Amino acid sequence: MRILLIHSDHLKYQTKSKTRIAEKISEEEKAGEFINALVVFTAVEKEDEAKPEEIAENAVKEIIDVFRNVKAENIVIYPYAHLSSSLSSPKSAKTILTNIESKLAKMDLPVSRVPFGWYKSFEVSCKGHPLSELSRSITPLSLPKEEIEEKGEKSQFFILYNGECTDPEQFDDFNQDMKKLMDYELGRGESSGEEPPHVKLMREKKLADYEPSADVGHLRWYPKGRLIRDLLSDYVYTLVTDHGAMPVETPIMYDLADDAIRVHAEKFGERQYRMGGGKKDLMLRYACCFGAFRILSDSFLTWKNLPVGIYELSTYSFRLEKKGEVVGLKRLRGFTMPDLHTVCVDLAQSMEEFQKQIEMCKKTGEDLKVNYEVIIRTTAEFMQENKDWINHAAEKIGKPVLLEILPERKHYWVCKMDFAAIDYLGRPIENPTIQMDVESGERFGITYIDSEEHDNHPIILHCSPTGSIERVICSLLEKSALDMKEKAPMLPLWLAPTQVRIIPITERHLEHAAKLARELRNAHIRVDVDERPETVGKKIRSAGGEWVPFVIVIGDRELEGAELTINVRETGQKVSMGLQELIDIIRLETKGMPYRPLPLPMNISRRVNF
RNA sequence: GCCUUAGUGGCUCAGCCGGUAGAGCGAUACCUUGGUAAGGUAUAGGCCGGGGGUUCGAAUCCCCCCUAAGGCUCCA
């Protein structure tokens with residue numbers, strides 16, 4: 001918001017004609033005169049819409065401050081659009097201006113407001129002393145931090161284990177990761193000041209890199225990284241469709257003129273990308289909720305349909321995170337999140353579905369070989385009424401779970417469960433999540449017909465069974481950095497860009513190498529051939545650097561016999577076996593996991609060095 | 001966003017109390033036809049992040065900006 005403050009001897013105005021957005025006024029409001037008045041010319045801006053309350057409060061503070069300083073007798077709020085080129089909607093402007101007026105009136109200050117949306121003539125005579133002309137930009141940020149945080153009491157934390165609810169201070173049967181998670185949640189994590197290793201790894205392994213020509217927190221993905229993303233996408237797709245969800249795809253931007261969209265968007269405050277462009281004020285989605293809810297509210301749902309899940313992978317979701325918070329794959333401004341929304345008839349059904357989704361989230365940890373620690377967050381009220389259910393949820397995890405109890409409901413959910421991997425530096429990477437949403441059904445006008453033919457608003461579960469794709473890759477890389485202390489780091493076999501590398505010793509072994517490669521490729525194994533004229537030692541080393549799980553050297557011996565010598569990265573051993581045996585081993589280990597072919601030239605010498 | 005630190009060939013870094021721009025890896029070429037984690041030789045490659053200032057002279061000193069990392073805070 002921009003304001004221009006003029007300390008005037010007098011202000012006179014007269015309304016002339018209405019504009020399209022004029023407010024209704026009484027006869028006596030059509031003209032006015034004020035003596036010794038502080039005139040506040042005010043333009044409400046687009047960005048103010050996110051935090052109207054804070055803006056009004058800050059404006060009031062600023063006005064009172066100047067008012068007392070100049071010792072005026074009146075305050076006049078004067079809507080004056082010409083102070084800004086990025087105006088808010090007239091509706092928000094009226095709301096904010098009225099709000100400022102009533103706040104000042106409540107403090108018994110002599111305040112008046114000139115009508116909004118009229119063409120007016122006016123006369124103002126400025127006193128001309130040093131403080132008589134001031135301009136200010138009002139932002140929600142100028143509100144001191146402590147005052148924002150004052151609202152709401154603090155959460156309480158407990159450890160849930162074996163049906164017991166214990167004070168974290170009293171509990172000592174922790175695994176290391178849970179201890180780290182708890183320290184972090186309770187705000188007593190210590191930091192070593194190191195860089196998270198995944199950032200170096202994602203670049204070194206040519207998976208992804210920063211893109212300086214985009215905004216902060218948007219990445220470029222190289223073929224190997226893109227392959228891993230695609231495999232993970234395939235994985236989640238199969239997982240959720242196996243659970244009965246229906247995939248959809250929805251737009252990435254939404255019109256803020258829709259009230260439901262705007263209110264849901266405001267949950268994110270300033271962390272949104274806004275777009276102008278034409279007459280519409282648009283936001284970029286920060287999750288798939290918007291599109292999913294719009295589909296659901298336009299659908300005809302009956303109790304017989306429910307529970308029903310719709311699924312979308314958000315390539316991309318956008319969140320305008322603070323610059324200093326954006327890091328590698330852990331925190332981005334553009335990210336890809338699997339997002340499942342499950343519509344349930346009531347709390348009871350959503351609680352039942354919730355338990356199934358816990359199983360699903362747990363399974364992703366097993367399939368990805370990532371250890372999750374779990375936090376259940378709930379409102380005090382929900383906890384009170386559903387103790388057994390929460391205990392049951394915690395028991396499913398099979399190890400101690402952190403429980404956060406919030407005194408009041410601050411968000412759209414009453415209960416959520418977060419699964420976090422612990423990174424190399426001992427900090428959580430929040431991955432899968434399940435949330436029980438009691439608000440959006442009503443807000444988005446989503447209804448279903450129950451068996452008595454009444455319309456009802458459903459409870460909606462939000463679930464991301466893996467968390468964002470980027471964070472999954474982040475967890476995998478962080479884990480491999482931890483592994484590095486003890487053994488050769490690697491990705492799960494089904495995600496390894498190259499699963500088998502063949503190294504021919506000399507030119508005369510090339511043909512045989514190519515033949516083996518063809519056979520492996522036909523067996524749906526990602527295989528490549530390092531036919532560069534380098535020494536065997538060097539090629540072995542370079543395969544090691546790429547974390548290739550199986551390496552086969554082809555020389556005269558292999559030309560003669562059927563047995564191959566295979567370097568197995570996992571064990572660090574050289575094993576002798578036939579080709580079919582290798583194929584069987586790989587098939588067994590990647591069973592049930594998605595496959596995509598190698599997205600790179602099979603010959604190493606033809607590869608681009610990104 | 002704020003505070004701290006950093007930015008030098010594609011990558012990792014040295015040079016930084018001012019005086020001709022350095023190394024290793026990688027790349028390219030040639031030699032080597034080599035059996036399990038770097039074979040040899042040569043060559044190319046730089047607006048020293050950008051802009052301004054001080055100076056006879058700036059990668060080096062000063063100011064502003066950009067980008068990155070760490071911390072604060074919030075999240076998937």
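Quick caveat: nothing in here was measured; it's all calculated off a predicted structure.
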From the candidates B:A37, B:U36, B:C75, the one with an atom nearest any side-chain atom of A:Arg569 is B:A37

Is any side-chain N or O of A:Glu558 under 3.5 Å from a base N or O of B:G35, one able to act as donor and the other as acceptor?
yes

Which part of the nucleic acid does A:Tyr286 contact within heavy-atom distance under 4.0 Å: base, sugar-phosphate only, or nothing?
nothing

Expressed in angstrom and rounded to an integer, what is the separation of A:Lys206 atom NZ from B:A27 atom P?
11 Å

Could you check which of B:G39, B:A37, B:U67 has an atom nearest any side-chain atom of A:Lys323?
B:U67

Categorize A:Val216 for me: base, sugar-phosphate, or nothing, with a 4.0 angstrom heavy-atom threshold over every strand shown.
sugar-phosphate

Identified pairing partner of B:G24, criterion: Watson-Crick or G-U wobble below 3.5 Å:
B:C11

In whole angstrom, give the distance that lies between atom CZ of A:Arg607 and atom P of B:G26.
17 Å

Round to a whole Å and report the spacing from CZ of A:Phe610 to P of B:G10.
17 Å

With a non-hydrogen cut-off below 4.0 angstrom, is A:Glu507 in contact with a base, only sugar-phosphate, or nothing?
base

Taking the minimum atom-to-atom distance to the side chain of A:Ile540, which one of B:G1, B:G34, B:A37 wins?
B:A37

Of the options B:G34, B:U36, B:A69, whose atoms approach the side-chain atoms of A:Thr506 most closely?
B:G34

Closest to side chain of A:Asn609, choosing from B:C75, B:G1, B:G26:
B:G26

Taking a pair to mean Watson-Crick or G-U wobble geometry with both distances below 3.5 Å, B:A59 pairs with none

